[in-house]
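Below: the structure, in structure tokens.
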Amino acid sequence: MRIAKVIGKVTLSRSVPEFQGAVLKLAVPMMLSDIENENTPLDDLLVVYDELGAGQDNYIALSEGGEAAQPFYPNMKPVDAYNAAILDTVDIRYRPSK
């Protein structure tokens, strides 16, 4: 699971029947340094299946690959990324190594 930031929405004019009524968002996975510096890189964009209603600039917990399809079991949907949670806050604390 990775942290990602929602940067937009996806609108389809045609799709497979499994996507009827689906909400798709455009998100970018975030590295620790991106979150710390409030930087939004645009080099690794993902289309995310979103049943939770994440909004623009929300941080989300993102599952990918085979795990992204698990919430739909036993039915399968052709998804590569799934919004598993909307993160209210991201608190980064360091522990100095000894």
Side-chain angles (χ1 to χ4, degrees):
M1 189 154 307
R2 296 198 285 173
I3 294 176
K5 185 176 184 179
V6 176
I7 61 168
K9 60 183 177 179
V10 177
T11 303
L12 303 174
S13 59
R14 287 190 250 171
S15 69
V16 294
E18 294 87 0
F19 275 12
Q20 185 70 31
V23 176
L24 303 174
K25 301 289 172 72
L26 191 61
V28 59
M30 303 292 283
M31 301 293 287
L32 177 61
S33 60
D34 297 325
I35 296 169
E36 289 176 323
N37 298 322
E38 297 183 10
N39 179 36
T40 305
L42 299 176
D43 55 347
D44 186 21
L45 301 176
L46 296 170
V47 175
V48 180
Y49 193 101
D50 178 31
E51 294 181 307
L52 303 177
Q56 183 77 18
D57 295 328
N58 280 152
Y59 286 110
I60 60 173
L62 177 74
S63 64
E64 299 174 85
E67 290 79 20
Q70 291 303 311
F72 307 106
Y73 184 81
N75 299 322
M76 298 304 284
K77 292 194 184 284
V79 297
D80 289 327
Y82 178 79
N83 176 11
I86 299 172
L87 307 176
D88 292 330
T89 59
V90 178
D91 186 13
I92 302 169
R93 298 179 191 198
Y94 291 102
R95 292 185 186 180
S97 59
K98 294 181 180 183

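Please read all numbers here as calculations on a predicted model, not as lab measurements. Starting from 1, each residue takes its place in the sequence as its number.
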Are [Y] and [X] linked, directly or through intermediate hydrophobic residues, by side-chain heavy-atom contacts shorter than 4.5 Å (ILVMFWY only)?
X: Y59; Y: L26; result: yes
X: I92; Y: L62; result: no
X: Y82; Y: I7; result: yes
X: V23; Y: Y49; result: no

Work out which heavy atom in [X] is nearest to a heavy atom in [Y]; give both atom names and the distance.
X: L52; Y: I86; value: O-CD1, 3.6 Å
X: P41; Y: P29; value: CG-O, 4.2 Å
X: L42; Y: L45; value: O-CG, 4.0 Å
X: M1; Y: A84; value: CE-CB, 3.9 Å
X: I60; Y: A54; value: CG2-CB, 3.8 Å

Under 4.5 Å between any side-chain heavy atoms of [X] and [Y], yes or no?
X: V48; Y: L24; result: no
X: V6; Y: D57; result: no
X: I3; Y: L87; result: yes
X: V28; Y: L46; result: no

- Message: Can you tell me how far apart NZ (K25) and CG (D50) are? Round to the nearest 0.5 Å.
- Response: 4.0 Å
- Residues in salt bridge (charged side-chain N to carboxylate O under 4.0 Å, His left out) with D91, at least two apart?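 R93.
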- If you look only at pairs with a residue in residues 39-48, which of them pass as a side chain to side chain donor-acceptor pair (under 3.5 Å), with sequence neighbours excluded?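 Only K5-T40, D34-N39 qualify under side chain to side chain donor-acceptor pair (under 3.5 Å).
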- Task: With sequence neighbours left out, write down each residue that passes side chain to side chain donor-acceptor pair (under 3.5 Å) with E64, or none if nothing qualifies.
- Result: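 Result, side chain to side chain donor-acceptor pair (under 3.5 Å) vs E64: R2.
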- Message: For M31, is the CE atom crowded, meaning more than 12 foreign heavy atoms sit under 6.0 Å from it?
- Response: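 12 or below, so no.
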